[in-house]
Enquirer: 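Please read through the structure below; I'll follow up with questions.
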Amino acid sequence: MSETEPNETTAPDSASFLRILLIEDNPGDARLIEEMLRDTAELARRVSADEHEDRRPELTHEDRLEDGLERLRSEPADVVLLDLNLPDSTGLETLERVDGESDVPIVVLTGVRDQRIGVDAIQRGAQDFLVKDEVTSELLVRTIYHAIERARQERIRHRQRDQLEAFNRLNRIGHDVTHAVITTETRDELEQRVCDRLVKSDAYRFAWIGEVNPGSDQVIPKVAAGVGEDYLEEIEVSADADDPTGQGPTGRAIRTGSVQITTDVQTDPAFEPWREQATERDYRSSAAVPIVHEDLVYGVLNLYSARPRAFTEPEIPILARIGDVIAHAITAIERRDALVSDTVVELEFRLDEMAEPLVDLSATEACSIEIDQLVSGDEALLAYGSANDVSQETFLEAVDRTPGITDARVLAARRETFEFELVAPAAVSLFETIATHGGRVESATIADGEFRFVVELPRGRDTRQMVELIQNERDDITHLAQRTTDRSDHAESGAQSVLEDELTEKQRVALETAYYAGYFDWPRGSTGEEIADRLGIAPATLNQHLRTAERKFFDLVLGE
């Protein structure tokens with residue numbers, strides 16, 4: 001048996017598969033442990049019967065506690081074999097110091113007279129204990145294997161418990177956010193309540209929501225809650241990838257649309273611009289959660305914990321779900337505002353490559369085509385409007401040559417104008433995107449060789465984001481103008497707003513299609529069968545939708 005100095009480390013090689021740290025000040029006991037593990041194949045078979053069958057463990061030996069702790073900090077280990085009586089530490093305090101340093105499983109080494117201490121050690125966190133004079137190679141291998149396996153099972157149980165707690169926390173937060181959508185009047189109030197709700201949990205020390213400044217890439221804090229709100233007064237955050245303040249979790253979350261985690265603010269290089277301010281307030285880890293609906297980035301939610309590694313892998317999809325809940329809530333509020341606000345913002349756009357035969361017709365015939373109402377069905381967009389200073393035959397011939405329009409009907413005609421219905425599946429994607437993000441296509445006009453449409457938004461909406469969203473949908477769209485107008489100037493009745501709240505989507509589509517197709521005119525512009533065919537439903541189903549809508553309308557208008 002060769003002599004081994006106390007601090008000598010068994011040389012690792014490519015065949016090592018298990019890292020064992022031995023902290024033992026007795027050279028004889030250390031050599032014995034090393035010899036027992038040197039040529040054993042049993043441990044390899046226990047850990048992995050196939051992959052590591054011919055490999056052996058890598059043993060690192062230290063004879064002082066401080067040296068062992070330093071080694072544990074710098075090099076990973078799978079298990080620690082720990083003598084409790086060392087030159088610089090004795091008794092259960094030795095175990096407590098190692099156990100507090102990491103979650104590596106610990107097997108305590110005791111003398112014959114110290115078995116009671118071994119039992120106490122297990123009660124305080126050790127996986128097992130070995131009496132030195134009774135250790136055999138087989139017992140050592142079995143003890144190490146079971147210690148590692150029990151620790152692995154404990155980690156699995158902890159992860160499962162944490163995941164369950166996180167799901168329960170998400171359910172509670174999601175319920176509260178849903179309630180906030182119903183009871184809050186503004187987006188700011190909703191976001192403040194979300195932050196207040198998050199910091200009620202012991203898991204989070206501070207929370208804030210910010211959004212990108214429309215005129216720059218700076219992230220502007222909007223609301224905050226928790227410990228250290230002055231933190232936001234001392235920091236700058238950007239979404240610019242080329243700026244150091246944009247390389248942290250917030251900037252990455254905005255650019256990628258995914259949750260970004262900082263496990264330890266004191267060691268993560270990307271957190272350098274904010275490390276001093278965060279450390280002063282005891283923020284040790286953080287999560288940046290994008291608030292995104294479809295392609296529209298509303299902002300980012302930032303959470304901070306006093307614990308490093310507080311945001312674990314299983315928690316990431318849960319945090320992402322919180323961001324989705326907030327985004328859907330904001331969308332709901334903005335849609336509500338779009339219906340009830342008296343003041344709106346109008347964005348005017350030009351489309352260069354849509355309905356080109358009709359656009360050419362407006363130039364050659366000096367006519368105008370006005371689309372006053374769009375009804376979005378399941379598979380197509382129904383457009384209702386009027387054509388002026390052009391014959392029906394010429395108009396319908398141009399429609400037949402127009403890609404993206406599958407059908408057209410003349411509903412009513414007068415001397416110089418007639419009303420029409422168009423079916424345009426190709427336009428559904430653009431106009432549904434606008435509606436999904438809180439906008440409404442108020443009108444569309446084809447005149448003087450141009451196709452223009454107007455999008456209506458509630459006042460206070462981020463118009464820059466809506467413009468970008470629309471231009472990303474198609475390359476041939478140009479933003480022409482923005483103006484603020486009073487909704488009372490529009491032909492918009494209070495009853496329509498009420499019906500928006502009371503009818504289901506299918507009832508609303510059926511009622512709007514019937515109205516604009518002339519079903520309620522006398523003589524009728526469209527029969528029930530024609531409207532049902534347009535919507536792809538049975539006439540009986542259409543009649544049921546219309547009767548239900550009529551009853552709800554009269555209940556609201558005449559019921560009192």
Enquirer: Verify, without hydrogens or angle tests, whether Arg275 (side chain) and Asp268 (backbone) share a donor-acceptor contact under 3.5 angstrom.
Expert: yes

Enquirer: Show the numbers, then the answer: is there a side chain to side chain contact (heavy atoms under 4.5 Å, CB included) between Glu62 and Glu70?
Expert: CA-CA 10 Å; Glu62 298 291 350; Glu70 184 61 34; over 6 Å; no

Enquirer: Would you name the heavy atoms of Arg19 and Pro76 that are closest together and state the gap between them?
Expert: NH1-CG, 3.3 Å

Enquirer: Just checking, is any N or O donor in the side chain of His158 or Arg155 under 3.5 Å from an acceptor N or O on the other one?
Expert: no

Enquirer: From Tyr231 OH over to Glu280 CD, what is the distance, rounded to the nearest 0.5 angstrom?
Expert: 10.5 Å

Enquirer: Give me the atom names and distance for the closest heavy-atom approach of Ser285 to Ala310.
Expert: OG-CB, 3.3 Å

Enquirer: For a quick check under 3.5 Å, do Asn302 and Thr250 share a side-chain donor-acceptor pair by atom type?
Expert: yes

Enquirer: Taking only residues two or more places apart in sequence, or in another chain, which ones meet Asp476 in a salt bridge (charged side-chain N to carboxylate O under 4.0 Å, His left out)?
Expert: Arg474

Enquirer: Evaluate the criterion side chain to side chain contact (heavy atoms under 4.5 Å, CB included) for residue pair Leu303 and Leu319; output intermediate values, then yes/no.
Expert: CA-CA 10 Å; Leu303 298 171; Leu319 292 171; 3.8 Å; yes

Enquirer: For Pro249 and Trp274, work out which heavy atoms get closest and say how close.
Expert: CD-CZ3, 4.5 Å

Enquirer: Just to verify, what does Phe349 make a ring pair (Phe, Tyr, Trp, His ring centres under 6.0 Å) with, not counting sequence neighbours?
Expert: Phe453, His479

Enquirer: Return yes if some donor-acceptor pair links the side-chain N/O of Gln218 with the main-chain N/O of Ile220 below 3.5 Å, else return no.
Expert: no

Enquirer: Could you tell me whether the side chain of Gln192 and the main chain of Ala224 form a donor-acceptor pair under 3.5 Å?
Expert: yes

Enquirer: Start with the C-alpha distance between Glu24 and Ile33, add both sets of side-chain angles, then the distance that settles side chain to side chain contact (heavy atoms under 4.5 Å, CB included), and finish with yes or no.
Expert: CA-CA 10 Å; Glu24 169 63 69; Ile33 295 295; over 6 Å; no

Enquirer: Which pairs with one or both residues in residues 72-109 pass ring-ring contact (aromatic ring centres under 6.0 Å, His included), sequence neighbours excluded?
Expert: none

Enquirer: Give me the atom names and distance for the closest heavy-atom approach of Pro290 to Ala288.
Expert: CD-O, 3.7 Å

Enquirer: For the CG atom of Leu69 and the CG atom of Leu65, what is their distance to the nearest 0.5 Å?
Expert: 4.0 Å

Enquirer: How far does CD of Glu96 sit from CD of Glu101, to the nearest 0.5 angstrom?
Expert: 14.0 Å

Enquirer: To the nearest 0.5 Å, what is the distance between CZ (Arg309) and CG (Asp264)?
Expert: 6.5 Å

